[in-house]
Amino acid sequence: MAQPVLRLGTKFPNLPVKTTKGDFNVLEWKGKDSWMLFFSHPADFTPVCTTEIGTLAKINEEFSNRDVKLIGLSCDSVEDHNNWAKDIFAFADKKGGGCSLKELPFPLIGDQDRSVAKALGMIDASEPNSGSLPLTCRAVFIVGPDDLIKLFLYYPASTGRNFDELIRVTDSLLLTYNKKLATPADWKKGDKVMIPAGVSDEDAKKVDPNFEKVSVPSNKNYLRMANVK
Ligand code: BEZ
């Protein structure tokens with residue numbers, strides 16, 4: 001099955017969607033000032049997906065506090081999503097030390113005909129369902145206020161995602177958006193950042209007057225670390 005090529009830095013398609021919170025075009029729902037984390041999961045009423053959506057429902061505020069809107073998708077119907085939500089909350093309550101949610105705090109898209117999944121290249125050809133149509137992978141797209149794709153990742157059905165990492169990468173994207181900054185390996189909010197190559201020392205001082213140059217055997221001036229608020 002041919003899938004579209006979506007690249008970092010290209011515009012996220014403004015697709016029409018049917019969801020548990022009504023029908024709309026994705027980018028209009030996102031709005032011009034917000035970020036969006038668009039995720040898919042393979043199927044409702046399945047074990048790993050139940051843990052993932054339960055976790056996201058419980059930490060939704062971590063994203064809304066950062067002005068990131070969550071929206072999910074699977075190849076099931078909106079009605080299935082609504083019925084499944086009760087199981088998600090019951091499981092989260094039993095396993096995660098309490099969950100008082102009565103409805104999902106973000107919309108879930110119903111995509112039985114796979115039209116949205118196909119447009120976003122989220123189909124996992126190795127995961128056919130009982131009707132022999134392939135399911136969606138565990139995809140994540142993070143889209144900026146400028147509607148451009150800032151990050152995507154695809155996980156297989158067998159591996160649930162790590163949502164601490166999604167918060168961490170969101171913090172990096174928010175910090176570096178339209179700025180000449182980069183975050184190093186295993187960076188966490190509050191840690192020092194890197195000044196990318198191509199930024200003059202003069203401009204690096206505007207980021208942090210006390211930025212640190214790390215000397216290395218090559219004597220090349222490319223390892224510069226800075227504190228930012
Ligand atoms: C799961 O969520 O556990 C799952 C869903 C589809 C295929 C395999 C696993």
Side-chain angles (χ1 to χ4, degrees), residues 1-4 6 12-13 15 17-21 26 36-64 68-143 149 151-170:
M1 183 187 305
Q3 300 212 23
L6 294 170
F12 192 83
L15 300 162
V17 290
K18 292 187 189 314
T19 86
T20 50
K21 301 229 186 259
V26 173
M36 171 173 74
L37 190 153
F38 188 117
F39 63 94
S40 61
H41 63 274
D44 295 356
F45 300 102
T46 53
V48 177
C49 298
T50 301
T51 63
E52 286 195 322
I53 310 302
T55 300
L56 271 180
K58 286 173 89 170
I59 64 167
N60 178 63
E61 267 193 17
E62 292 285 346
F63 292 98
S64 60
V68 179
K69 294 182 175 175
L70 302 183
I71 182 165
L73 170 150
S74 80
C75 304
D76 298 288
S77 65
V78 166
E79 192 187 358
D80 277 343
H81 294 336
N82 282 325
N83 289 329
W84 178 43
K86 295 167 203 140
D87 290 2
I88 294 171
F89 302 143
F91 183 80
D93 187 28
K94 286 184 179 136
K95 293 289 166 199
C99 176
S100 57
L101 289 168
K102 296 280 175 267
E103 68 177 81
L104 288 169
F106 44 76
L108 279 185
I109 299 165
D111 191 35
Q112 284 171 294
D113 67 2
R114 278 80 166 149
S115 56
V116 180
K118 283 181 195 163
L120 296 173
M122 291 171 157
I123 297 290
D124 181 348
S126 62
E127 284 293 340
N129 75 356
S130 52
S132 82
L133 281 171
L135 298 173
T136 32
C137 67
R138 301 187 193 282
V140 176
F141 288 88
I142 300 184
V143 179
I149 299 170
L151 168 140
F152 59 76
L153 57 85
Y154 290 178
Y155 276 37
S158 52
T159 307
R161 286 159 285 197
N162 180 321
F163 293 106
D164 288 339
E165 168 59 7
L166 289 182
I167 293 171
R168 191 194 75 86
V169 80
T170 296

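Source: prediction; values computed, not measured. Whatever order the structure lists ligands and atoms in, that order sets their numbers, starting from 1.
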TODO: Examine the side chains of D76 and H81 and answer whether a donor and an acceptor come within less than 3.5 Å of each other.
DONE: no
Task: Side-chain donor-acceptor pair present, T20, N82, cut-off under 3.5 Å - done: no
TODO: List, ordered by chain and residue number, the protein residues whose closest non-hydrogen atom lies under 4.0 Å from any atom of ligand 1.
DONE: P42, T46, P47, V48, C49, E127, R138, A157
TODO: Sequence neighbours left out, what passes ring-ring contact (aromatic ring centres under 6.0 Å, His included) with F163? Give chain and number order.
DONE: none
TODO: Applying ring-ring contact (aromatic ring centres under 6.0 Å, His included), name anything that partners Y155, two or more places apart in sequence or on another chain.
DONE: none
- [ ] Quick one: list whatever passes salt bridge (Lys or Arg N to Asp or Glu O under 4.0 Å) with E127, sequence neighbours left out.
- [x] none
Open item on the list: Tell me the closest heavy-atom pair linking F39 and R161, and the distance in Å.
Closed with: CB-NH1, 3.8 Å
